[in-house]
Amino acid sequence: MNNFQAFSEAQELFPGGVNSPVRAFKSVGAAPPFIDRGEGGYIYDVEGKRYIDFVQSWGPLIAGHAHPKVIRAVSEAAKKGLSFGAPTLLETALAKKILEFYPFLEKLRFVSTGTEAVMTALRLARGVTGRDDILKFKGCYHGHSDCLLVEAGSGAATFGAPSSPGVPSDFAKHTLLCDYNDLAGAEAVFAKNGGKIACVVIEPIAGNMGFVPADREFLKGLRNLCDQHGSLLIFDEVMSGFRAGKMGACGIYAEITPDIVTFGKVIGGGMPAAALGGGAALMDALSPAGKIYQAGTLSGNPIAMAAGLATLEIIGSQADFYDILTARAETLMNGFAEAARSAGVALQTDFCGSMFGFFFTDKKARNFQDALASDTARFAKFHNEMLKRGVYLAPSQFETGFISIATTDDMIAETILAAKEAFKAVK
Ligand code: HOZ
């Protein structure tokens, strides 16, 4: 079966032919290759074509595809049974490993998806503060729970519906909005609603409006506002956790300590696992220690815990793990910048740890408006040109690229060569 036949059949079965919108490649005007397998830094489609993969399942596969240690850990766990709905030692082991990386956290709750992690973090913040309002930033995406699908990035931005139909206005009215990196805006919202805001939720390194890191002073300002007004600060590190660096954004902005951190992606190593973490007293407000309810049949699933644990062990076993990833991301983005310059194409590039992003524009993107103003038609053409040349980039301007430890220097060099031709083609 070829990619065209596979997508035609899937379109009969799934809305838009996919089970998560951005996978449909609609915003780059192409049909998605159907993936058969992955190995290290490569994926292969059902036609046998090989791609250098910079999507990596949207972030989790920092060790690369089918890393032997991860596969072994998953196989061993699977032999013992797939799910028990009861406590296992694997949960304890993964929790301890996460806390080694994030020592300021004391307790965690495992869930299955990033959506659930942030949804639970909000309920926790609302439960302990007794307040209903939350403050989020335009272009940040925190999963698809109702009150967070307001001016959201990622697939919601890609398909032009940052605020989705089906979200009751009664829910959305508790979501206050500000521009990313706009401290004065956040101060104004707090001045008006301070006593009602349960929490501020933010991607400290935004990856869902394209790659847009927060200004340090902006995050410091948010911390101060939360302290002044008795609100909690939630860092959504579902994407940036274990990606931006060893302690994710919390390590990059080390002087700013959030009250709650949410995780997903890397902590599941390619299996469905996510978590929220915070101080012990705060986390103990969750049921059954406290009254704030949250539950899940597959929470802490042993196979997912095994995959996550093996992945974090791979990271921990190599002292220069993030130095290698950062150097490769830097080489890649410098290569793109240089290639675009010689082709006469306006391009802004950025990276942090294993995350990278680029916008077709001459103005650095600092918020959602800037990201939306970039040339998405040119992005689409560039994406097509790269795909033709065997480079698999996220099929949307409003996503982030990822380097894995299996993305070799040769793959980076090959990608830069492809980009040189692609920038000329989109000029
Ligand atoms: N929301 C994910 C990217 N930020 C996409 C998930 C997927 O399509 O697999």
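Each ligand, and each atom within it, is numbered from 1 in the order the structure gives.
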In terms of relative ring orientation, are Phe360 and Phe423 parallel, tilted or perpendicular, with 30° and 60° separating the classes? tilted
Set of residues that line ligand 1, where lining means a heavy atom lies under 4.0 Å from it: Ser20, Val22, Arg23, Trp58, Tyr141, Ser154, Asn208, Met239, Glu399
Side-chain polar contacts of residues 4-13 - donor-acceptor pairs under 3.5 angstrom, sequence neighbours left out - could you list them?
residue: Gln5; atom: OE1; partner: Asn2; partner atom: N; Å: 2.8
residue: Ser8; atom: OG; partner: Phe4; partner atom: O; Å: 2.8

Thinking salt bridges, do Arg389 and Glu421 make one under a 4.0 Å N-O criterion? yes
Check Lys96 with Glu100, please: is the shortest side-chain N to carboxylate O separation under 4.0 Å? no
Of the options Asp215, Asp350, Asp370, which is the one that meets Lys364 in a salt bridge (Lys or Arg N to Asp or Glu O under 4.0 Å)? Asp350
Looking at Phe101, does the NZ or CZ of Lys246 lie under 6.0 angstrom from its six-membered ring centre and within 45 degrees of the ring axis? yes
